[in-house]
Amino acid sequence: RRHTRLRTVTGVQTCALPIYLAVFLEDSKTPRDEDKVITLAREFIGKHPRSPMLSEVRMKLGQVYFRREDFLKAQEQFEVLAREQPDGAFAATGLFLAGQCAMKLQTTEALNHALELFNGVADKHGTLEAHARLQQAIVKFKLGAPDDAVTIYDSILSAKAPSDPEVRLAALTGKGDSLVELGRRDPARLTAAMAAYDEVIGTTDAPPTWRNRSEEHTSELQSPYVIS
């Protein structure tokens, strides 16, 4: 039975290989015919729904739709990918990219769904966990909940496992921005915003983009018309 099953899997792979290779070959061309890539990818998915290469093809199809800014179709592919193989190598990435697609749609419903998708990524506790929490904070801010965003940013900054330096700088900057928004109603929050920006400025290896942005915000907050 074991040998029979192995021969069956090998046969499926061999049968699927020509279309699989055609998808990636077409995608690598310059200029790229994206309509042809989509046609080939969908043909593969339709003919080989049990192929071990299915997740790679779905990922590529989702990426092509994303490049074309067809975010709804891209989101569909990424979500299906994660649902079909929840423990697969592409599951967390699929959920993360689906969340980014939902953010692009900008509707309240889509943003709330993005929160769910990013939570699914974070719950896997993989390499994308901190990035997913960061995106959740950004979504909370977009939904008009800067206080929730600050809470998420603080959880990123206080995590036991050190975050990627870029994630940390993004969290500090996002926290500052959220506190500035809260400062419109509670001016005391502006002092905490200054502290977040100052921490970015004081980071030795901070890229100029992050440092310059924080310096600009700090200058604005130091105006006598903002903080007295």
Side-chain angles (χ1 to χ4, degrees), residues 59 62 66 75 78-79 81-83 85-104 106 108 110-186 188-218 221:
M59 177 63 73
F66 193 94
Q75 180 182 332
F78 294 138
E79 285 198 62
L81 184 160
R83 186 166 61 248
Q85 297 187 31
D87 299 318
F90 293 98
T93 302
L95 286 174
F96 188 87
L97 292 173
Q100 290 194 316
C101 290
M103 288 177 70
K104 294 284 189 180
Q106 293 293 335
T108 300
L111 290 172
N112 279 312
H113 186 47
L115 287 175
E116 297 172 358
L117 291 166
F118 289 128
N119 195 59
V121 177
D123 284 347
K124 290 181 180 295
H125 303 297
T127 57
L128 289 174
E129 180 177 359
H131 294 273
R133 293 299 184 203
L134 184 64
Q135 295 302 308
Q136 283 184 310
I138 294 171
V139 172
K140 285 289 188 180
F141 187 88
K142 287 178 178 288
L143 287 170
D147 47 347
D148 289 342
V150 170
T151 299
I152 296 172
Y153 286 129
D154 280 337
S155 72
I156 295 170
L157 295 167
S158 63
K160 292 181 180 178
S163 296
D164 179 293
E166 283 286 324
V167 172
R168 177 179 169 277
L169 291 170
L172 284 168
T173 305
K175 178 181 177 179
D177 295 346
S178 299
L179 288 166
V180 168
E181 184 63 27
L182 290 168
R184 298 178 188 276
R185 301 189 301 272
D186 180 8
R189 297 293 194 105
L190 298 177
T191 302
M194 283 275 288
Y197 293 136
D198 284 341
E199 194 168 342
V200 174
I201 296 168
T203 301
T204 306
D205 299 327
T209 303
W210 291 113
R211 184 178 287 110
N212 293 341
R213 180 180 171 187
S214 290
E215 286 175 346
E216 289 175 8
H217 287 315
T218 299
L221 290 174

Next on the checklist: So H131 and F118, do their side chains get closer than 4.5 Å, heavy atoms only?
Outcome noted: no

Subject >> Heavy-atom side-chain proximity of R133 to V121 below 4.5 angstrom >> reply: no

#### Entry: Verdict with supporting geometry, D177 and Y153, side-chain hydrogen bond (donor to acceptor under 3.5 Å, both in side chains)
CA-CA 11 Å; D177 295 346; Y153 286 129; over 6 Å; no

Rounded to the nearest 0.5 Å, the CG atom of D123 sits from the NE2 atom of H125 at a distance of 5.5 Å

- Would you check if I138 and M103 make a side-chain contact, meaning some heavy-atom pair closer than 4.5 Å? yes

So CG of L169 and CG of D164: to nearest 0.5 Å the spacing works out to 9.0 Å

Mind running side chain to side chain contact (heavy atoms under 4.5 Å, CB included) on Q75 and H113 for me, showing each step along the way? CA-CA 11 Å; Q75 180 182 332; H113 186 47; 3.2 Å; yes

How are the rings of H217 and Y197 set to each other: parallel, tilted or perpendicular (split at 30° and 60°)? parallel

Looking only at heavy atoms, the pair that brings I156 and A171 closest together is CG2-CB, 4.1 Å

Counting neighbours of NZ on K124 that are heavy atoms of other residues, nucleotides or ligands and sit closer than 6.0 Å, is the number greater than 12?
yes

Notebook entry, point to check: Would you say the side chain of E79 lies within less than 4.5 Å of the side chain of C101, judging by non-hydrogen atoms?
Noted result: no

Heavy-atom nearest pair, A91 first then A82, reads O-CB, 3.7 Å

Would you say R211's side chain and T204's backbone share a donor-acceptor pair under 3.5 angstrom? yes

Side chains of E215 and T218, heavy atoms from C-beta outward: is any pair under 4.5 Å? no

T108 side chain near N112 side chain, heavy-atom distance below 4.5 Å | yes

query = If we only count heavy atoms from C-beta on, is the L179 to P146 side-chain gap below 4.5 Å?
reply = no

So CG of L143 and CG of D148: to nearest 0.5 Å the spacing works out to 9.5 Å

Under 3.5 Å: donor-acceptor pair, side chain of N212, backbone of P208:
yes

Correct closest heavy-atom pair for A193 and G176 would be CB-O, 3.6 Å

Using the side chain to side chain contact (heavy atoms under 4.5 Å, CB included) rule, take F78 and L95 through it: C-alpha gap first, then chi angles, then the decisive distance, then the call. CA-CA 6 Å; F78 294 138; L95 286 174; over 6 Å; no

Output for pair (W210 CH2, T203 OG1), nearest 0.5 Å, gives 11.5 Å

Of all heavy-atom pairs linking A122 and A132, the shortest is N-CB, 4.1 Å

Nearest heavy-atom contact between S214 and I201 is CB-CG1, 3.8 Å

Output for pair (K175 NZ, L182 CG), nearest 0.5 Å, gives 11.5 Å

Where the side chain of Q136 meets the backbone of L115, is there a donor-acceptor pair that is under 3.5 Å apart?
yes

| task | Could you please spell out the steps behind the side chain to side chain contact (heavy atoms under 4.5 Å, CB included) verdict for K142 and Q106? | result | CA-CA 9 Å; K142 287 178 178 288; Q106 293 293 335; 4.0 Å; yes

Looking only at heavy atoms, the pair that brings E166 and P207 closest together is OE2-CG, 3.3 Å

Requested in this report: Quick one: do R168 and E199 satisfy side chain to side chain contact (heavy atoms under 4.5 Å, CB included)? Show the steps, please.
Outcome: CA-CA 10 Å; R168 177 179 169 277; E199 194 168 342; 3.0 Å; yes

| query | Can you find a pair of side-chain heavy atoms, one from L81 and one from Q85, that are under 4.5 Å apart? | reply | no

